[in-house]
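Residue indices begin at 1 and follow the sequence shown.
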Amino acid sequence: MSAPGSSAAAPPGVAVSRDRVAAARRAPPAADGAPAVTRSGSSPEPLGPTRVPLWLLVLVTLSGTMAMHIFVPALPVAGRALGASAASMQQTITLYVLGLACGQLIYGPISDAIGRRPTLLIGLTVYFTASVLALLAPTVEWLIGARLLQALGGAAGISLGRAILRDVADPARVTKDVALLNLLTLVGPGLAPIVGGYLSDHFGWRAVYVFLVAIGSAMLVSTWRVLPETNRQRRPLAARAVARDYVRLASDARFAGYMIGGACVSSALYPYLATVSYIVHEQLALPIGVIGWFAASTIVGASLGTYLTRQIAGRWPAGRLLFVGAGLASAMAWTLLLVHDLGALTPVLLIAITVTMTFGAGIASPAALASALSVRPSLAGAAAGFYGFGQMAMGALGTLLVGFGEHPVLACAVTQIGITSLAIASFAIAQRQAARARARG
């Protein structure tokens, strides 16, 4: 097999166009006059066509969120084995979400400075090591610490998978390619609760971490052997510069609008995931064994939505995709509230509303991400990390808010209405500011 930096024998994947390669050779200095640098600090390195296998981007991107979902069904089993309370076991999820959110703020700027490949290898090493520690955990405190470390490592894949795609995708196809990546990475988190439930039920809760150790080792070896470097415009790493990059992104109304809107519309399913077990088992009186399938149904709508976005992205402007998707998700949140008030909720209606809502999210999310990353291309790594942080933070907030409601359906619907309404308002602000920027030339 050829060296990671070689493209001659690279497997099929996402390729950068020849025009973009030529443009990169003539790339102007980075924003604010900072020159693009290489590892040696000299002029940009010679470029050839860069190919990145899509399967590898999918694997590293889905791993972080998959590890969060796969352990949920095993919480009671692990709690009994470790002699831990339900509240203590819940911290393994809470701190995991926190680790994902914070980790994504770190990897983007580092990868902008030293490259995507070495940064991703560092993160995957942390992920693999933490998975082994979790597998061997003798106490719940050990397990909580290992889960936090695992999330900090898994955040690298979420953040850098998108940044790598943005590096190599043709600008005219970036929305389509992001949509395809989102479509493929939805499968892992969607099926994770089913896989986790089966493993913990048949082999014990540690089998979940045997599975994650295997996945982690496969990612680490594959990345080392296959992934080339894709970041051709390095930026010196400095704490002040990193803070300045995030301030610059946050103060740009276009990026802030796309990020907040995208985070809201993609996180609208979190209130559902937090309440679905109570809705299905207590209100609809269905057995606990079917809960995982109700949770997994979210991937159907999201997959269809992202597939549709990939097909029509070249013909529909991003703005239309944003508002159609967010509007559809909001309409379904209001429908859930209406059906609840009428006392007409059934399993079929619940699945239909959920699939349609996630279908809307699948339409809007790729367009929001692609638009956010395109606002400041020189800060693509930082932007991808900041965007991922926003998604995790909004997901955590949505999960927290439903806990204040006594009735699960009502709490879920009201929270989703608030989140999707904020998404629509944020997209409107971003689109208005983008139109003004185009008018100024």
Worksheet item: Does Y209 have its ring centroid less than 6.0 Å away from the ring centroid of F71?
Response: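 Centroid distance Y209-F71: below 6.0 Å, so yes.
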Counting distance only, does the side-chain N/O of [X] pair as donor-acceptor with the main-chain N or O of [Y] below 3.5 Å?
| X | Y | value |
| --- | --- | --- |
| R376 | A383 | no |
| S421 | G418 | no |
| Y258 | V375 | no |
| T420 | I417 | yes |
| S63 | V60 | yes |
| R436 | Q431 | no |
| E229 | R116 | yes |
| S159 | Y107 | no |
| S297 | F294 | yes |
| T354 | T298 | no |

How about [X] and [Y]: do any of their side-chain heavy atoms sit closer than 4.5 Å?
| X | Y | answer |
| --- | --- | --- |
| D252 | Q433 | no |
| I279 | L345 | yes |
| L269 | M357 | no |
| L148 | Y96 | no |
| L401 | V414 | no |
| M68 | V97 | yes |
| L350 | V409 | no |
| V265 | S365 | yes |

Taking all non-hydrogen atoms of both residues into account, name the closest pair between [X] and [Y] and its distance.
| X | Y | answer |
| --- | --- | --- |
| T358 | G301 | OG1-CA, 3.4 Å |
| L321 | A367 | CB-CB, 3.9 Å |
| P366 | A361 | CD-O, 4.4 Å |
| C264 | M394 | SG-CE, 3.7 Å |
| A368 | L322 | N-CD2, 3.4 Å |
| Q311 | R315 | O-NH2, 2.9 Å |

[X] side, atom [atom1]; [Y] side, atom [atom2] - distance, nearest 0.5 Å:
| X | Y | atom1 | atom2 | answer |
| --- | --- | --- | --- | --- |
| L284 | L349 | CG | CG | 10.0 Å |
| W316 | T309 | CH2 | OG1 | 9.0 Å |
| L121 | L160 | CG | CG | 10.0 Å |
| I110 | T119 | CD1 | OG1 | 6.0 Å |
| M219 | Y127 | CE | OH | 5.0 Å |
| Q150 | F128 | CD | CZ | 11.5 Å |

Worksheet entry | Intermediate values then yes/no, side chain to side chain contact (heavy atoms under 4.5 Å, CB included), L120 and S111 | CA-CA 8 Å; L120 182 57; S111 74; over 6 Å; no
Worksheet entry | Parallel, tilted or perpendicular: rings of Y246 and F386 (30°, 60°) |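 The rings of F386 and Y246 stand perpendicular, inter-plane angle above 60°.
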Worksheet item: Parallel under 30°, tilted from 30 to 60°, perpendicular over 60°: which one fits the rings of H340 and H407?
Response: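 Ring orientation of H340 relative to H407: tilted.
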Worksheet entry | Steps toward side chain to side chain contact (heavy atoms under 4.5 Å, CB included) verdict (R117, W224) | CA-CA 8 Å; R117 173 181 156 82; W224 175 261; 3.7 Å; yes
Worksheet item: Can you check side chain to side chain contact (heavy atoms under 4.5 Å, CB included) on I260 and F427, steps first, answer last?
Response: CA-CA 8 Å; I260 295 173; F427 288 148; over 6 Å; no
Worksheet item: Going through the checks in order, is the side chain to side chain contact (heavy atoms under 4.5 Å, CB included) test met by Q416 and L337?
Response: CA-CA 10 Å; Q416 289 177 328; L337 180 62; over 6 Å; no
